Visitor: 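Could you have a look at this structure, given as structure tokens, before my questions?
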Amino acid sequence: METRNIFLNISPLDHRYSLSEAAVFDSLSVHISEQAAIISCAKAEIALVKAHLSVRGQLEPSVEAELDSVAKNIDPAAVYEEEEKTHHNIRALVNVMKTMVPKEVAPLVHLGATSVDILDTALSVRVRDCVQKVVLPLLKDLERLLCQIAQREAETPQVGRTHGQHAVPITFGFAMAEYVSRLGKSILEIEKRSKELKGKLAGPVGAYNGPSMIVRDPEDLERRYLSYLGLEPSEHSTQLVEPEYLLRLLLECNVAFGILANLADDLRNLQRSEIGEVFEYFSSTQVGSSTMPQKRNPWNSEHVKSLWKAFSPRVMTFFMDQISEHQRDLSNSASQRFVADYLAGFSLAVARMKSVISGLQADRENMARNLAGAGGKVKGGVLAEPAYILLAEAGVSDGHEVIRKITLEAEQTGESFYDVLKKHHDAFTKITVQLEKLGVEDPEGFFEDPARYRGLAAKKAKTLGQKYEALMK
């Protein structure tokens with residue numbers, strides 16, 4: 001078959017990403033390329049032959065090895081050429097395979113099966129192997145990198161942000177621990193769902209009509225067939241495997257994809273000129289803008305977000321593939337083929353985020369500077385919350401109003417929140433007493449440094465980093 005120049009391909013997955021993420025692309029091709037699809041169907045056909053021979057007690061090791069060789073050496077070009085005659089992909093595969101297996105077992109190829117017994121089963125094998133051997137290793141590598149940052153930066157003070165505004169202090173490690181926790185749980189769920197994919201050998205309506213003409217126990221034949229592929233039978237089949245097994249796995253992948261997009265957004269925004277708290281690795285030869293030589297755009301983070309925009313909406317197609325009229329229609333025939341594209345797009349986004357995180361650096365000086373200046377027009381204004389809470393704990397019912405007026409005074413005078421608070425001796429004394437009760441060191445100087453008000457941020461960052469680092473092993 002003629003090989004097409006990659007620059008004449010239509011999908012960017014097959015030129016731009018096959019070049020920029022060559023290792024990932026190559027590892028994906030082993031499982032979800034067109035060649036992989038044909039080979040996986042051939043392996044399913046061979047598994048069926050083995051099952052028939054096993055039932056008959058005729059599966060000799062030498063025959064099994066010869067059959068395995070047939071599956072490995074199937075020529076996709078020959079199958080495509082045969083399909084030009086049959087206009088049916090599985091029948092074309094069967095015709096080619098019958099010429100390759102020993103003559104005495106040729107009648108067993110595809111015996112008792114309908115096309116989808118092979119197609120759905122082979123798809124489950126491909127998706128399972130792609131997720132377990134490519135997607136999950138990438139995700140776990142990324143998660144481990146996030147765990148390392150969460151622990152390394154657990155004590156690094158940073159201002160928290162809500163609604164795009166300065167909130168109360170946290171640490172950068174705590175900010176990263178959010179994604180450690182969210183992505184970690186999703187990874188574990190993806191792993192679980194990948195082990196639950198099913199296959200079938202139940203015939204054109206799922207009632208085992210054909211297999212019941214061959215063996216007394218069709219379900220035993222089905223179990224034997226699937227055992228050679230490392231699968232279990234779908235609890236109920238029509239012509240199709242119940243679609244929810246695959247759907248739930250893809251939906252959890254989409255959950256993880258959304259978490260990556262959220263992380264990408266946060267990192268992109270933290271690299272804004274007016275924030276400047278983190279920065280991506282930027283090589284000495286890299287160009288940020290075609291016209292502004294000084295630019296260092298956070299393009300990798302933006303790239304992850306862009307891939308999410310392109311692939312996440314495909315979840316609607318996954319849902320629509322749940323529906324098939326009666327025991328089978330072909331309305332999922334084209335759409336299901338694009339599961340491979342989705343897994344590729346997701347994997348490439350994970351790989352790109354992995355490269356971002358591996359080179360990500362925190363600008364601790366900028367973080368400290370931003371935190372010191374946080375609070376709008378009031379320096380140290382982010383400490384208004386603990387002042388109000390401590391005053392209320394001291395029994396002042398209008399503590400919120402007292403502190404609000406102090407922040408207004410600080411805004412009008414240009415003094416720091418801490419300096420104005422000290423002038424209100426009664427409130428400051430009551431607050432200091434409450435801090436002493438809590439065992440806070442240097443209670444009188446607590447409001448001088450916003451970094452001291454960070455709750456359990458550092459502890460949570462370390463705990464979650466350690467927890468998920470262990471789980472990823």
Side-chain angles (χ1 to χ4, degrees), residues 37-38 40-59 67 71 86-95 97-98 101 105-128 193 195-250 317-337 339:
I38 293 170
S40 67
C41 286
K43 287 181 178 179
E45 292 286 3
I46 291 301
L48 178 55
V49 173
K50 289 181 184 179
H52 283 302
L53 292 173
S54 173
V55 169
R56 299 176 183 187
Q58 298 174 351
L59 185 58
L67 290 171
T86 63
H87 297 286
H88 193 287
N89 58 343
I90 292 300
R91 198 67 237 179
L93 174 65
V94 170
N95 290 350
M97 293 187 71
K98 280 178 177 285
V101 299
V105 302
L108 302 180
V109 177
H110 203 66
L111 183 63
T114 191
S115 296
V116 185
D117 287 325
I118 303 302
L119 289 167
D120 271 15
T121 299
L123 177 63
S124 289
V125 169
R126 288 200 306 283
V127 172
R128 177 200 64 197
R193 294 296 181 187
K195 297 174 182 177
E196 295 174 350
L197 294 175
K198 308 297 183 185
K200 70 175 284 272
L201 181 67
V205 295
Y208 301 90
N209 301 53
S212 69
M213 296 291 99
I214 303 168
V215 293
R216 292 183 178 182
D217 188 351
E219 290 181 310
D220 174 65
L221 180 65
E222 180 182 50
R223 286 191 293 271
R224 289 171 186 257
Y225 160 59
L226 295 175
S227 70
Y228 290 114
L229 300 166
L231 295 175
E232 294 180 348
S234 179
E235 183 178 51
H236 180 283
S237 299
T238 55
Q239 191 174 121
L240 305 167
V241 169
E242 292 172 289
E244 287 74 27
Y245 297 112
L246 178 58
L247 174 63
R248 291 187 179 102
L249 171 59
L250 293 172
T317 307
F318 304 154
F319 277 120
M320 288 189 280
D321 279 349
Q322 277 186 280
I323 298 170
S324 189
E325 286 184 9
H326 303 298
Q327 282 67 55
R328 164 70 157 150
D329 66 45
L330 273 173
S331 62
N332 75 333
S333 177
S335 54
Q336 195 174 71
R337 293 177 187 273
V339 168

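Worth saying up front: this structure is predicted, and the values here are computed from it rather than measured.
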Visitor: Looking at Glu196, I want to see if its CD is surrounded by more than 12 non-hydrogen atoms of other residues, nucleotides or ligands under 6.0 Å.
Guide: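 Check passes, neighbour count above 12.
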Visitor: If you round to the nearest 0.5 Å, how far is CG of Leu250 from CD of Glu244?
Guide: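 Interatomic distance, Glu244 CD to Leu250 CG, rounded to 0.5 Å: 12.0 Å.
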Visitor: Taking all heavy atoms of Pro218 and all of Arg216, pick out the closest pair and write down the distance.
Guide: CD-O, 3.4 Å
Visitor: When you compare the side chain of Pro233 with that of Arg223, does any pair of heavy atoms fall below 4.5 Å?
Guide: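 The answer is yes, as the side chains (C-beta and beyond) meet within the 4.5 Å cut-off.
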Visitor: Can you tell me how far CG of Leu231 sits from CG of Asp120, rounded to the nearest 0.5 angstrom?
Guide: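 Output value for this atom pair is 11.0 Å.
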Visitor: Quick one: does Thr238's side chain have a donor or acceptor within less than 3.5 Å of a partner on Arg328's backbone?
Guide: no
Visitor: Is it true that Arg224 and Ser54 share a donor-acceptor pair across their side chains at a distance under 3.5 Å?
Guide: yes
Visitor: Verify, without hydrogens or angle tests, whether Lys43 (side chain) and Ala122 (backbone) share a donor-acceptor contact under 3.5 angstrom.
Guide: no
Visitor: Are the side chain of Asn95 and the backbone of Ala92 linked by a donor-acceptor contact shorter than 3.5 Å?
Guide: no
Visitor: Got a donor-acceptor contact below 3.5 angstrom from the Glu222 side chain to the Leu201 backbone?
Guide: yes
Visitor: Just wondering, do Val339 and Asp321 contact through their side chains at under 4.5 Å, heavy atoms?
Guide: no
Visitor: Compare every heavy atom of Tyr225 with every heavy atom of Lys200, then report the nearest pair and how far apart it is.
Guide: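 Taking every non-hydrogen atom into account, O-CE2, 3.2 Å.
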Visitor: Indicate yes or no: at least one non-hydrogen side-chain atom of Val109 is less than 4.5 angstrom from one of Val105.
Guide: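 Side chain of Val109 against side chain of Val105, heavy atoms only: no contact under 4.5 Å found.
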Visitor: Do the non-hydrogen side-chain atoms of Gln58 and Leu108 ever get within less than 4.5 Å of each other?
Guide: no
Visitor: Any sub-3.5 Å donor-acceptor pair from Asp117's side-chain atoms to Ala202's backbone N or O?
Guide: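 Yes; judged by distance alone, with no hydrogens or angles, the pair exists.
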Visitor: Hey, could you give me the CG/NE2 distance between Leu93 and His88, rounded to the nearest 0.5 Å?
Guide: 11.0 Å
Visitor: Does the side chain of Leu249 come within less than 4.5 Å of Val127's, by heavy atoms?
Guide: yes
Visitor: How long is the gap from CG on Leu119 to CD1 on Ile90, to the nearest 0.5 Å?
Guide: 4.0 Å
Visitor: Mind listing the closest non-hydrogen atom pair of Ser335 and Thr317 along with its distance?
Guide: CB-CG2, 3.5 Å
Visitor: If you define the side chain from C-beta out and look only at heavy atoms, does anything of His52 sit under 4.5 Å from Val49?
Guide: no
Visitor: Ignoring hydrogens and angles, tell me if any N or O in the side chain of Glu45 forms a donor-acceptor pair with the backbone of His110 under 3.5 Å.
Guide: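 The answer is yes, because a donor-acceptor pair under 3.5 Å joins these two groups.
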Visitor: Could you measure the distance from the CD atom of Glu235 to the CD atom of Glu242? Nearest 0.5 Å is fine.
Guide: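 It comes to 6.0 Å.
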Visitor: Under 3.5 Å, is there a donor-acceptor pair between the side chain of Ser237 and the main chain of Gln239?
Guide: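 Side chain of Ser237 to backbone of Gln239: no pair is present.
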Visitor: Have a look at Leu229 and tell me which of Ile46, Thr121, Leu48 forms a side chain to side chain contact (heavy atoms under 4.5 Å, CB included) with it.
Guide: Thr121
Visitor: Indicate yes or no: at least one non-hydrogen side-chain atom of Ser324 is less than 4.5 angstrom from one of Asn332.
Guide: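 With C-beta onward as the side chain, the pair stays apart.
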Visitor: Go through the steps for Tyr228 and Leu59 under the test side-chain contact (heavy atoms from CB on, under 4.5 Å), then give the verdict.
Guide: CA-CA 12 Å; Tyr228 290 114; Leu59 185 58; 3.2 Å; yes
Visitor: Rounded to the nearest 0.5 Å, what separates atom CD in Gln322 from atom CG in Leu246?
Guide: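 Nearest 0.5 Å value for the CD-CG distance: 10.5 Å.
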Visitor: What are the two closest non-hydrogen atoms of Pro107 and Leu111, and how far apart are they?
Guide: O-CB, 3.8 Å
